[in-house]
Amino acid sequence: MEYNFSEIEAKWQTYWKENQIYKTEVDLQKPKYYVLDMFPYPSGAGLHVGHPLGYIASDIYSRYKRLQGFNVLHPMGYDAYGLPAEQYAIQTGQHPAVTTARNIARYREQLDKIGFCYDWGREIRTCDPDYYHWTQWAFIQMFNHYFDTKLQKAIPIENLVNHIEKNGTTELHAHGTEELCFSATEWNAKTEKEQQEILLNYRIAYLADMKVNWCPALGTVLANDEVSEGVSIRGGHPVEQKVMRQWSLRVSAYAQRLLDGLSRIDSTDSLKETQKNWIGRSEGAEMSFKLSDKELSFDVFTTRADTIYGVTFMVLAPESELVKTCTSPEQAAEVQAYLDATKKRTERERIADRRVTGVFTGSYAINPVGGTEIPIWISDYVLAGYGTGAIMAVPAHDSRDYAFAKHFNLPIIPLIEGCDVSEESFDAKEGIMMNSGFLNGLTVKEAIEKAKAYVEEKGIGRIKVNFRLRDAIFSRQRYWGEPFPVYYKDDMPYMLDESKLPLILPEVDKFLPTEKGEPPLGRAKNWQTEDGFPLELCTMPGFAGSSAYYLRYMDPKNDKTLVSKEANEYWRDVDLYIGGTEHATGHLVYSRFWNKFLFDLGLVCEDEPFKKLINQGMIQGRSNFVYRIKDKAPLTPLKGETVPVFVSLNLKDRYETTPIHVDVNIVTNDHLDIEKFRNWNPEYKNAEFILEDGKYICGWAVEKMSKSMFNVVNPDDIVEKYGADTLRLYEMFLGPLEQSKPWDTNGIDGVHRFLKRLWSLFYKDGILVLNNEQPSAEELKILHKTIKKVTFDIENFSFNTSVSAFMICVNELSALKCSKKATLEPLVILLTPFAPHIAEELYHVLGHTGTVCDATFPVCNEDFLVESTVKYPISFNGKVRFTLELPADMNKADVEKAALENENTIKQLNGATIKKVIVVPGKIVNIVV
RNA sequence: GCCCGGAUGGUGGAAUGGUAGACACGAAGGACUUAAAAUCCUUUGGCCUCACGGCUGUGCGGGUUCAAGUCCCGCUUCGGGUACCA
């Protein structure tokens with residue numbers, strides 16, 4: 001029997017499916033292990049060969065854990081709501097539900113061919129009402145809770161209402177959008193509407209006017225992580241700032257917990273660093289400055305309270321509410337002109353063009369330590385959204401303030417001994433303070449601490465921690481998303497009763513905004529409650545559905561609750577989470593936040609949802625090029641026709657050429673298939689070629705895998721040609737999991753040959769040659785060396801080196817012509833996580849009737865690995881000259897003696913005096929002369 | 001600008017401070033075959049040498065060490081993240 005992979009793979013995939021081999025249930029007798037892939041957004045393009053990389057890795061680990069006796073949860077689903085489906089719907093009129101279902105079917109078909117061990121019985125789709133029921137439900141809970149800053153957790157909003165009814169805001173520890181101050185009497189005197197408006201200031205899901213990223217091309221608002229450098233990440237459309245009334249999630253309340261939790265996650269430093277930067281904790285002081293001519297003061301945030309004596313001006317953000325207060329009548333016109341000019345510039349322009357701009361307000365503030373008057377300016381380098389939207393400027397020690405001071409000719413006072421601020425500011429936090437009153441003579445670090453304490457003590461301000469992390473804007477003016485379980489009464493939002501969930505996404509005639517400019521849901525008929533109150537027209541963003549999906553997998557069919565207590569207490573958290581780095585700031589922050597919120601409510605038992613995170617690298621494309629000769633008459637010109645002429649790679653320097661991308665699927669080992677090329681594009685039908693050695697050699701380059709580069713490789717084609725096991729092994733063999741690397745189909749023959757060689761240990765010329773002989777010591781050593789290496793490598797996610805180890809093992813066993821059952825059976829089980837189809841086949845060939853998935857992972861027996869001798873490399877001054885085989889148990893002194901007495905040593909020394917001899921037992925001998 | 005990763009043959013990559021280039025791909029040569037495919041064998045970092053063997057070699061320049069791809073310092077360069085965050 002030959003290695004017929006297509007037959008074998010189809011057979012066992014059917015067997016696994018029919019026997020529900022991958023069905024998972026709570027089993028209190030077994031330890032659990034939860035392996036999760038970041039679920040895909042099913043795009044119309046289908047999977048390319050880069051997508052399964054992480055899935056294969058997680059599949060290997062899942063199968064490995066199962067073979068070790070764990071009850072493994074390994075589910076898969078689809079992040080099915082999203083912009084591309086809706087954009088496509090607008091263009092074609094096809095309902096996104098239809099195209100999404102079609103794309104999912106295609107994804108599933110592709111995934112199934114690779115032989116993953118997913119429990120498809122637990123599949124979820126975020127656009128499924130049974131699923132988004134719980135997304136809507138969580139939103140209601142967030143609306144009904146506030147964040148207590150003292151307890152650092154979510155608390156029912158009724159508790160807050162009770163508190164303010166009795167005490168107003170006194171002793172209220174609630175994270176709010178603004179710091180409000182009112183008494184119980186004032187509260188009780190307010191109308192229902194006014195009270196509701198105030199509560200929005202505290203709710204974890206809240207509605208507020210805020211500056212948002214508005215993307216006109218997409219017709220929607222975007223979250224900060226959906227925007228990069230002033231354009232949308234999806235589509236690259238310009239984004240502008242706009243004030244709109246939007247739903248937001250109070251993620252910022254959880255900033256400290258999100259930061260603290262990082263230490264409990266096992267992941268790379270770079271990922272933690274990215275999250276840390278995104279959260280952006282900075283410790284400093286909030287200081288109050290009085291206006292010189294009014295009984296008013298305003299706060300600034302600084303991390304450098306020590307530089308207070310160097311403040312020579314103040315700067316307000318153009319959007320700051322203080323602008324109005326501070327602008328003097330004389331300056332009003334100039335200020336207005338500046339604000340107008342700033343408003344016109346998009347964020348993109350502001351980033352691209354860093355010129356210094358600003359305007360004087362006409363007002364002065366008083367320095368709380370020196371009493372000097374300092375001018376108040378307005379400039380767009382100060383952001384309204386960070387800190388208080390106002391800063392104290394210390395040009396000597398801040399580069400931005402320095403640039404501003406130089407431009408407007410404002411004074412610069414150096415505060416650190418010996419610093420030179422004639423050309424640039426001195427930003428480093430080092431040196432000895434001067435010109436700073438009570439801080440003089442201290443180091444900067446001491447001064448920062450002393451100044452903070454001083455500020456607090458004198459009542460000038462208070463110590464404060466600021467975070468960069470913003471609340472997540474949660475409204476999207478789109479159709480294809482979860483409807484909010486919200487209706488409006490007297491313009492105030494109210495939650496639907498939980499019994500009305502799920503609130504089903506309604507049908508609309510077009511997926512476009514209404515004539516009035518309302519979101520698409522404005523087109524839905526009867527989009528109101530039974531009592532006639534209008535429902536929310538926005539839908540939720542993409543990250544809504546992906547924030548708690550890992551919890552739903554634990555109990556996907558439950559219609560009473562998101563996840564039952566039993567299921568949650570068994571599966572608890574994700575032990576291993578594999579996915580791309582692109583989610584480091586978005587999904588991973590939101591889902592951690594969402595989980596912490598549910599944890600506060602006592603609904604989940606772990607505060608951090610993911611124990612270990614691995615980011616697989618990107619699979620890049622490897623493009624091929626042909627070189628078209630420019631303006632060159634063809635070799636054999638046809639009458640009245642110009643024929644394109646292409647020159648082979650190594651001859652191209654003799655001509656002027658234009659490189660042209662060519663489909664990698666018609667190139668093998670960089671040799672162009674000329675016939676296929678002529679058929680590939682009608683333009684090249686009559687193309688002529690200048691060959692080298694009778695071949696056309698293509699150039700190549702590593703680029704992003706994309707249609708336009710013609711370098712997309714489809715996993716289906718690979719499975720078709722080589723089989724799923726080969727694909728799985730090859731994806732792992734390409735290189736370290738976490739590293740980005742180009743896909744090059746050329747190397748795939750190597751792993752395919754390996755599988756055939758393994759097969760030939762069982763079948764020689766189609767005849768089963770398996771025997772029951774006892775394995776030799778040598779064979780046992782080969783086997784156990786491999787068990788040890790592969791086990792170690794799997795534990796360390798070094799799958800590329802485990803594939804090498806398998807190759808070495810099979811090469812060595814082939815050389816020994818070993819077809820012994822006792823040797824091959826453990827090897828087959830060892831290989832199961834990597835190549836499950838061939839392993840299942842061979843396991844049955846070995847005489848088993850059950851599935852190899854439930855076999856026991858072999859354990860290395862060190863006794864078989866003991867060597868009786870060691871080949872010592874003998875080196876002179878660190879250069880190895882020869883090796884010397886000595887007994888393994890020989891002691892250090894004897895090894896030294898043996899090495900020195902050896903004739904090769906005497907020859908090498910050639911009479912030189914030995915200065916020193918280093919012997920590392922079992923390793924090496926180094927003789928220093 | 002700041003932060004985090006990389007840089008090793010023609011290519012992908014391997015190497016707890018201890019014989020650099022495992023394992024593959026490709027290439028060259030050979031066996032089998034009418035032929036091709038498949039399979040198998042040999043060689044394959046560079047330079048010198050008929051050979052034995054030698055010299056050199058992990059982006060660059062220093063250093064630590066008996067010994068450095070690996071550790072330290074200073075650069076070059078390529079990726080990724082992030083940004084007027086006070």
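Numbered from 1 within each chain, the chains take letters A, B, ... in sequence-line order.
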Nearest-angstrom distance from the residue atom [atom1] of [X] to [atom2] of [N]:
X: A:F467; N: B:U82; atom1: CZ; atom2: P; answer: 20 Å
X: A:F882; N: B:G54; atom1: CZ; atom2: P; answer: 11 Å
X: A:I279; N: B:C3; atom1: CD1; atom2: P; answer: 19 Å
X: A:E896; N: B:C66; atom1: CD; atom2: P; answer: 16 Å
X: A:E319; N: B:C85; atom1: CD; atom2: P; answer: 15 Å
X: A:I614; N: B:G5; atom1: CD1; atom2: P; answer: 16 Å
X: A:L737; N: B:G13; atom1: CG; atom2: C1'; answer: 15 Å
X: A:N466; N: B:A86; atom1: CG; atom2: P; answer: 9 Å

Rounding to an integer number of angstrom, what distance separates [N] and [M] when you compare their [atom1] atoms?
N: B:G21; M: B:G46; atom1: C1'; result: 13 Å
N: B:C52; M: B:G45; atom1: P; result: 15 Å
N: B:C66; M: B:U77; atom1: C1'; result: 34 Å
N: B:C75; M: B:G80; atom1: P; result: 23 Å
N: B:G12; M: B:A22; atom1: C1'; result: 13 Å
N: B:G59; M: B:U76; atom1: C1'; result: 7 Å
N: B:U16; M: B:A67; atom1: C1'; result: 16 Å
N: B:U49; M: B:A15; atom1: P; result: 36 Å

Phosphate oxygens OP1/OP2 of [N]: is one of them under 4.0 Å from a side-chain N or O of [X]?
X: A:K916; N: B:C66; result: yes
X: A:Q739; N: B:G13; result: yes
X: A:R304; N: B:C85; result: no
X: A:Y381; N: B:A86; result: no
X: A:K879; N: B:U56; result: yes
X: A:N277; N: B:C3; result: no

* Options B:C4, B:C25, B:A83, nucleotide nearest the side-chain atoms of A:E273 ->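 Looking only at side-chain atoms, A:E273 lies closest to B:C4.
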* In terms of side-chain heavy atoms of A:R400, which of B:C85, B:G13, B:C66 is nearest? ->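 Of the options given, the side chain of A:R400 lies nearest B:C85.
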Considering only NZ, NE, NH1 and NH2 on the basic side and carboxylate oxygens on the acidic side, decide whether [X] and [Y] come within less than 4.0 Å.
X: A:K452; Y: A:E286; value: no
X: A:E867; Y: A:K781; value: yes
X: A:D670; Y: A:R622; value: yes
X: A:K464; Y: A:E283; value: no

Name the nucleic acid region contacted by [X], choosing base, sugar-phosphate or nothing; use a 4.0 angstrom heavy-atom cut-off, strictly under.
X: A:R622; answer: nothing
X: A:E738; answer: nothing
X: A:K276; answer: nothing
X: A:K915; answer: nothing

* Matching residue for A:H752 among A:F5, A:W759, A:Y730 - test: ring-ring contact (aromatic ring centres under 6.0 Å, His included) ->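 The single option meeting the ring-ring contact (aromatic ring centres under 6.0 Å, His included) with A:H752 is A:F5.
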* Going through the distances and angles, do A:F289 and A:D299 end up as a side-chain contact (heavy atoms from CB on, under 4.5 Å)? -> CA-CA 6 Å; A:F289 282 71; A:D299 292 339; over 6 Å; no
* With the sugar-phosphate defined as primed atoms, P, OP1 and OP2, and the base as all remaining atoms, what B/S/- string results for nucleotides 41-49 of chain B, 5' to 3', for protein heavy atoms under 4.0 Å? -> ---------
Only pairs with both distances under 3.5 Å count, Watson-Crick or wobble alike; so what is the partner of [N] in this structure?
N: B:C52; answer: none
N: B:G18; answer: B:C66
N: B:A7; answer: B:U76
N: B:C32; answer: none
N: B:U82; answer: B:G1
N: B:U44; answer: B:G26
N: B:A37; answer: none

* **Chi class for B:G9: syn within 90° of 0, otherwise anti** =>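 It is syn.
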* A:F408 ring center within less than 6.0 Å of A:W377 ring center ->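 Centroid separation for A:W377 and A:F408: below 6.0 Å.
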* Asked: Where each residue is assigned the nucleotide of RNA chain B containing its nearest heavy atom, which of A:P736 and A:H671 is assigned the position nearer the 5′ end?
  ->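 Nearest-nucleotide comparison on RNA chain B picks A:P736.
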* Asked: On RNA chain B, nearest-nucleotide positions of A:D401 versus A:D744: which is more 5'?
  ->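 Nearest nucleotide further toward 5': that of A:D744.
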Quick one: does [X]'s side chain get under 4.5 Å of [Y]'s, heavy atoms only?
X: A:I874; Y: A:N904; result: no
X: A:V790; Y: A:F806; result: yes
X: A:V929; Y: A:K915; result: no

* Honestly, is A:R468 close enough over A:W278, meaning NZ or CZ under 6.0 Å from the six-membered ring centre and within 45° of the axis? ->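 Yes, a cation-pi geometry.
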* Asked: Is there a donor-acceptor contact under 3.5 Å linking the side chains of A:S282 and A:N466?
  ->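 No.
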* List for me each residue that meets side chain to side chain donor-acceptor pair (under 3.5 Å) alongside A:S875, sequence neighbours excluded, and say none if there are none. =>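 Expected list: A:N926.
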What pairs of nitrogen or oxygen atoms, one from the protein and one from nucleotides 17-24 of chain B, lie under 3.5 Å apart?
{"from": "B:A24", "atom 1": "OP1", "to": "A:N811", "atom 2": "ND2", "distance (Å)": "2.4"}

